[in-house]
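Atoms considered below: every heavy atom in the structure, side chains included; atoms not considered: hydrogens, waters and symmetry mates. In the text below, chain A, chain B and the rest are named by the order of the sequence lines, each starting its count at 1.
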There are 2 protein chains.
Amino acid sequence: MKKKTTIYDIATKLNITAATVSRALNDSELISKKTKKMVLEAADELSYFKNRHALALKSGRTNQVGLVVPFINRHFFSNIIMGVEEELYPKGYQVMIFQSNESERKEKDIIEALLQNQVDGVLISVSKTTRIKDHFNKIIDNNLPLIFFDRKADIENSSCVETDDVLGGKIATQHLIDQGCSQIAYVTVDLNLNIYTNRFKGYKESLKYNGIDFRKELVFQANSDIASGRKVARQILSSDANIDAIFCSSDYIALGVMQELKEQNVSIPDDVAVVGFSNEPFTELLDLTLTSIEQSPYEMGKSAARVFLDQMNSKNAIIEHAIKLKPRLYIRDSSLKNNRKTHN
Amino acid sequence: MKKKTTIYDIATKLNITAATVSRALNDSELISKKTKKMVLEAADELSYFKNRHALALKSGRTNQVGLVVPFINRHFFSNIIMGVEEELYPKGYQVMIFQSNESERKEKDIIEALLQNQVDGVLISVSKTTRIKDHFNKIIDNNLPLIFFDRKADIENSSCVETDDVLGGKIATQHLIDQGCSQIAYVTVDLNLNIYTNRFKGYKESLKYNGIDFRKELVFQANSDIASGRKVARQILSSDANIDAIFCSSDYIALGVMQELKEQNVSIPDDVAVVGFSNEPFTELLDLTLTSIEQSPYEMGKSAARVFLDQMNSKNAIIEHAIKLKPRLYIRDSSLKNNRKTHN
DNA sequence: TTATATTGTGCAATCCATTGCATAGAGTAT
DNA sequence: ATACTCTATGCAATGGATTGCACAATATAA
């Protein structure tokens with residue numbers, strides 16, 4: 001195996017010292033132009049490149065940040081990553097991306113690895129299964145910026161960027177009510193996650209605001225996938241609740257629900273209106289397009305990155321940002337009753 | 001800013017040397033149980049963790065591999081990433097993910113950064129715009145495993161894992177012919193990329209095999225997006241070619257094509273059958289589901305990772321793997337003429 | 001009790017780049 | 001010609017973990 005070229009190799013070749021080489025490579029004004037040129041040429045010839053680990057060791061800084069998401073192959077998260085990179089790459093930061101697979105154990109391992117890597121900060125969306133939070137405190141203990149996005153944990157001195165999910169829940173519900181619905185079933189996912197509790201909260205607040213009684217028998221639970229959506233649709237239809245809308249806290253659930261409703265000849269949106277959450281790309285590709293709440297993941301990523309940069313630029317002051325991004329409703333076929341007047 | 005804990009801090013605290021601490025932390029059998037316990041406790045108390053950069057500097061190995069994709073937020077690539085991680089994470093490797101944004105310039109920067117990071121290997125899918133290949137040779141010059149996936153460059157001593165795109169082109173075309181089509185338009189993307197030239201090759205071979213003349217006026221070009229698909233559909237319809245099928249080398253083009261056909265009241269699949277390529281998730285969520293070629297990105301990622309591991313395990317021998325994964329046709333509504341007999 | 005084997009630690013060099021301080025040599029002023 | 005600046009370089013320590021070699025302390029054998 002060929003040894004890697006170091007500044008010492010260059011120095012030896014040119015009969016100068018490594019210090020001079022180092023300075024030349026960094027374009028120090030202490031070094032004569034002639035020497036700089038010599039060094040640069042030799043470096044190129046020996047195909048030299050800096051060893052970042054030596055640098056990191058010396059300086060204590062790495063210009064790397066850790067970015068942790070549950071899964072990378074989700075539209076939402078991969079677009080957050082895009083946003084983070086877009087913001088951080090031009091500033092000279094490398095983004096190290098990791099996925100927790102929704103496992104607390106893996107999340108801990110990852111953070112351990114990030115700390116070992118001496119990253120300059122951590123951006124993370126917490127795994128669904130995470131209950132313990134020691135690993136987050138370790139980050140804070142090491143005086144590193146910790147920024148949560150989308151899913152946060154309650155950690156002192158950390159920051160967070162999230163969608164205003166309460167508002168999201170509200171505007172979706174309000175929209176259904178505006179469409180004439182009043183018996184609105186709600187399908188939630190894991191209520192351990194703040195995002196889902198908040199959407200639920202928005203749903204309830206909106207009902208209250210409109211003078212509609214909250215009925216807990218209209219609340220159902222499902223996983224965020226199509227099969228689970230179909231299953232919950234069957235539950236809803238076979239229950240004695242006489243609903244006229246289903247608000248799903250996930251687009252995948254909503255899709256499953258729509259498939260099942262179609263199969264059972266329930267007309268969408270006239271018999272039952274459907275609204276999803278997240279505005280997945282497929283929502284507008286469907287034949288019966290799905291009304292949904294857009295969360296702007298790309299913007300969220302950018303925002304989280306900016307918070308990180310902010311904290312880096314004011315290392316002394318402890319800043320706790322708490323940013324809420326406004327969600328937006330995309331109204332589509334699944335809930336828009338243009339024939340509403342003809343129905344009762 | 002609090003200083004990070006090192007083995008020296010632990011050593012000082014316990015009145016022993018750093019060497020002993022190091023051995024204790026690595027569970028060396030040279031160290032007494034009593035000392036190990038002491039050290040472990042102290043390490044915990046001071047919230048110590050290893051500095052990977054010191055390690056990397058010392059050992060020359062990082063247990064990190066670089067993974068470069070054009071865009072992370074594409075179903076295809078994000079699933080490749082999943083596969084790579086799945087295979088490498090259990091073996092103790094960290095996967096550093098980067099996106100080239102289809103820019104040769106950024107690709108070069110990334111590889112430079114990876115080399116500076118002393119990664120143990122590079123897995124990459126080449127950017128569309130890349131023409132120069134010096135940066136790939138640098139990797140080889142440094143004796144690192146270089147594995148291309150999906151899109152490769154012609155580099156000695158590198159390996160590659162790809163879909164058998166020629167076969168993909170063949171089976172899709174054969175399927176259309178089996179459905180009774182003979183005037184099959186072909187829509188290609190950038191012919192600079194091997195994947196597209198190969199799909200095109202498969203198309204032509206299949207025509208020939210079936211005794212159908214290749215007509216170059218049936219070949220169209222588009223970008224891989226919906227708008228471009230709509231545009232090319234308009235071109236096709238307004239040309240005097242009298243086609244009965246459109247084989248699109250991308251699902252997004254196919255979707256745009258279908259939307260345009262519907263709008264122009266062309267019946268799918270009876271007037272015109274449509275086939276896409278890649279089996280994007282949305283293909284089966286559509287009301288009129290889209291026939292497409294599945295490329296198993298997850299498997300591709302795993303395969304590429306395995307090639308990497310192989311090369312690591314036989315550092316002396318130069319291995320050049322060239323793996324072709326079999327694509328698979330998913331036949332759906334857009335091309336399946338179940339009423340074929342009733343039509344002529 | 002002395003010689004010898006065993007065990008547990010310490011010493012010091014190494015990996016690579018950076019940087020404060022020292023200094024040789026060239027240039028300028030008197 | 002002497003004293004005094006600069007300029008361009010070299011020297012050596014630093015950062016954190018590892019590891020071959022040396023050696024002290026203890027245990028065992030003779």
Which one of A:V122, A:L123, A:L115 satisfies the side-chain contact (heavy atoms from CB on, under 4.5 Å) criterion with A:V119? A:V122
Rounded to whole Å, please give me the gap between CZ in A:R23 and P in D:dA8. 12 Å
For B:N143 and A:K4, which I'm curious about, is there any donor-acceptor pair between the side chains at under 3.5 Å? no
Modelled atom types, side-chain donor and acceptor of A:S32 and A:T35, under 3.5 Å: yes
When you check the side-chain N and O atoms of B:S158 and B:E320, is any donor under 3.5 Å from an acceptor? no
Of the listed nucleotides (C:dG10, C:dC21, D:dG16), which one gets closest to any side-chain atom of B:T6? D:dG16
Does the A:D120 side chain pair with the main chain of A:N63, one donor and one acceptor, at a distance under 3.5 Å? yes
Are A:K50 and C:dT18 close enough that a side-chain N or O sits under 4.0 Å from OP1 or OP2? yes
Please figure out whether B:E29 or A:N51 has its closest DNA chain C nucleotide nearer the 5' end. B:E29
Nearest of D:dG15, C:dT9, C:dT18 to any side-chain atom of B:L30? C:dT9
For the pair made of OH in A:Y8 and P in C:dT14, what is the distance, rounded to whole Å? 11 Å
B:I10 atom CD1 is separated from D:dA17 atom P, nearest whole Å, by 8 Å
Quick check on DNA chain C: between A:K58 and B:A54, whose nearest nucleotide comes earlier from the 5' end? B:A54
Please confirm whether the backbone N or O of A:E102 pairs with a side-chain atom of A:S127, one donor and one acceptor, at under 3.5 Å? yes
Nearest to the side chain of A:T35 - D:dA8, C:dC11, D:dA17? D:dA8
Contact under 4.0 Å: B:N26 side-chain N or O vs D:dT18 OP1/OP2: yes
What is the nucleic acid contact for A:I16, judged by heavy atoms within less than 4.0 Å: base, sugar-phosphate only, or nothing? sugar-phosphate
For nucleotides 23-27 of chain C, print each protein N/O atom paired with a nucleotide N/O atom at under 3.5 Å, atom names and distance only.
none

Counting any heavy atom closer than 4.0 Å, what does A:S59 reach on the DNA or RNA strands: base, sugar-phosphate only, or nothing? nothing
Side chains of A:T17 and A:T20: is there a donor and an acceptor less than 3.5 Å apart? yes
Under 4.0 Å between a side-chain N/O of B:T20 and OP1 or OP2 of C:dG10, yes or no? yes
B:K33 NZ to C:dT7 C1', in whole Å, measures 13 Å
In this structure, how many angstroms lie between the P atom of C:dC15 and the OH atom of A:Y48, rounded? 15 Å
Base, sugar-phosphate alone, or nothing: which one does B:L55 contact when heavy atoms must sit under 4.0 Å apart? sugar-phosphate
Do B:Q99 and B:F77 have side-chain heavy atoms sitting under 4.5 Å apart? no
Rounding to 10 degrees, work out the angle separating the end axes of the helix from C:dT1-D:dA30 to C:dT30-D:dA1 (five pairs an end). 60°
Spell out, as yes or no, whether a donor-acceptor pair under 3.5 Å connects the side chain of A:K324 to the backbone of A:V161. no
C:dG8, OP1 or OP2 - any side-chain N/O from B:S32 closer than 4.0 Å? no
Rounded to the Å, how far apart are A:Q118 CD and D:dG15 C1'? 10 Å
Please state how far atom CG in B:L46 lies from atom C1' in D:dG16, giving the value in whole angstrom units. 15 Å
Does B:S22 reach a base, just sugar-phosphate, or nothing at all? Heavy atoms under 4.0 Å. base
Let's go through B:E86 and B:K302 carefully: what are the C-alpha distance in whole Å and the side-chain angles of both, what is the deciding distance for salt bridge (Lys or Arg N to Asp or Glu O under 4.0 Å) to 0.1 Å, and is it a yes or a no? CA-CA 7 Å; B:E86 198 92 345; B:K302 288 200 135 195; 5.3 Å; no
Which whole-number value in Å describes the distance from A:Q116 CD to D:dG15 C1'? 17 Å
Is a donor on one side and an acceptor on the other found under 3.5 Å between the side chain of B:D44 and the backbone of B:L40? no
